[in-house]
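Quick note: residue numbers are just sequence positions, from 1.
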Amino acid sequence: MTQQQSTPHRPQPPTGWRRLAFRLPIRLYHAGLGPLLGKRFLLLHHTGRKSGRKRQVVLEVVSYDKHTDIWTIASGFGPKSDWYQNLRHRPQATIQFGRRHFAVTAHFLSPEEGADVMADYARRHPQAARRLSSLMGFPRDDSQAAFRKVGEAIPFVRLEGTPQPSSA
């Protein structure tokens, strides 16, 4: 195995029609159909670090604790993703999860914590974990050690929430 094969690479953020396709779930939330995406996605409302403008992105939920309202999400495009950088600048945000809204505070996980998160995710969603690992350039290896290594390379964010009153 060459060094290049074992070193992760970041997929490029989508552009053109692929970017439009990635942003379609936002329209589902705006139309009140966000719950159709189930408990695997949330809509993050955050503030642009440079512009100060309100921004939105739909992200996959890696894990959710319904007793404490804590979500864990991953930046598959790496630490340079706009939403990730925006949360680094201003960790207070709002999410919509299903039909409910929550004020959240972002906490950035260490690589060791990311390894634990990815190992757990791989146990619960093995196919998705394999696809993510492959997308990031890791060799195909379904061992827990390999998934932990992938988790060390992915920036994970924990969102701790407080329910907000419904806005009618």
> If Ile, Leu, Val, Met, Phe, Trp and Tyr residues are connected whenever their side-chain heavy atoms lie under 4.5 Å apart, and connections chain through other members, are Leu109 and Val150 in the same group?
Replying inline: yes
> Do you know the tightest heavy-atom contact between Gly78 and Pro155?
Replying inline: C-CG, 3.9 Å
>> Salt bridge check, Asp142 against Arg130: does any charged N sit closer than 4.0 Å to a carboxylate O?
In response: yes
> Any sub-3.5 Å donor-acceptor pair from Ser51's side-chain atoms to Arg53's backbone N or O?
Replying inline: yes
> In Å, rounded to the nearest 0.5 Å, how long is the span from NZ of Lys149 to CG of Asp141?
Replying inline: 9.5 Å
>> Using side-chain heavy atoms (C-beta onward) and a distance below 4.5 Å, is Asp69 in contact with Glu160?
In response: no
>> Could you check whether any side-chain heavy atom of Asp65 comes within less than 4.5 Å of a side-chain heavy atom of Thr72, counting everything from C-beta outward?
In response: no
> So, for Ala106 and Val157, which heavy atoms are closest and what is the spacing to 0.1 Å?
Replying inline: CB-CG1, 3.7 Å
>> Keeping Gln56 on the side-chain end and Val58 on the backbone end, is there a donor-acceptor pair under 3.5 Å?
In response: no
> Is the charged tip of Arg158 near the ring of Phe108: under 6.0 Å from the six-membered ring centre and within 45° of its axis?
Replying inline: no
> Hey, are the side chains of Gln92 and Thr47 touching, using non-hydrogen atoms and a 4.5 Å cut-off?
Replying inline: no
> Going by heavy atoms in the side chains, are Trp71 and Phe102 under 4.5 Å from each other?
Replying inline: yes
>> Please determine whether a side-chain nitrogen of the Lys or Arg among Arg49 and Asp82 lies less than 4.0 Å from a carboxylate oxygen of the Asp or Glu.
In response: yes
>> Quick check on the hydrophobic clustering: are Leu42 and Tyr84 connected, directly or via other members, by side-chain heavy-atom contacts under 4.5 Å?
In response: yes
> Quick check: does any side chain N or O of Gln85 sit under 3.5 Å from a backbone N or O of Pro79, one acting as donor and the other as acceptor?
Replying inline: yes
>> Are Ile70 and Tyr64 packed together at the side-chain level, in the sense that at least one heavy-atom pair is separated by less than 4.5 angstrom?
In response: no
> Can you find a heavy atom in the side chain of Thr105 that is under 4.5 Å from one in the side chain of Leu159?
Replying inline: no
> Hey, are the side chains of Met118 and Glu152 touching, using non-hydrogen atoms and a 4.5 Å cut-off?
Replying inline: no
>> Quick check for you: to the nearest 0.5 Å, what is the distance between Ser110 atom OG and Phe156 atom CZ?
In response: 11.0 Å
>> For Phe97 and Phe41: C-alpha separation, side-chain torsions, deciding distance, then whether ring pair (Phe, Tyr, Trp, His ring centres under 6.0 Å) applies.
In response: CA-CA 7 Å; Phe97 187 63; Phe41 295 92; over 10 Å; no
> Are side-chain heavy atoms of Tyr29 and Arg27 found at a separation under 4.5 Å?
Replying inline: no
>> If hydrophobic clusters are built by linking Ile, Leu, Val, Met, Phe, Trp and Tyr wherever their side-chain heavy atoms come under 4.5 Å apart, do Leu37 and Val57 end up in the same one?
In response: no
> What's the spacing between His125 NE2 and Ser63 OG if we round to 0.5 Å?
Replying inline: 9.0 Å
> Is Ser134 reaching over with its side chain to a backbone N or O of Arg131, donor-acceptor style, under 3.5 angstrom?
Replying inline: no
>> Please enumerate all residues that pass salt bridge (charged side-chain N to carboxylate O under 4.0 Å, His left out) together with Arg124, with sequence neighbours excluded.
In response: Asp120
>> So which atom in Ser75 and which in Ser81 form the shortest heavy-atom distance, rounded to 0.1 Å?
In response: OG-OG, 3.2 Å
> Shortest non-hydrogen contact from Arg148 to Ala115?
Replying inline: O-CB, 3.4 Å
> In Å, rounded to the nearest 0.5 Å, how long is the span from NZ of Lys54 to CG of Asn86?
Replying inline: 11.0 Å
> Transitively linked via ILVMFWY side-chain contacts under 4.5 Å: Val61 with Leu36?
Replying inline: no
> Are Ile73 and Leu43 joined in one hydrophobic group, where the rule is that I, L, V, M, F, W and Y side chains link up if heavy atoms are under 4.5 Å apart?
Replying inline: no
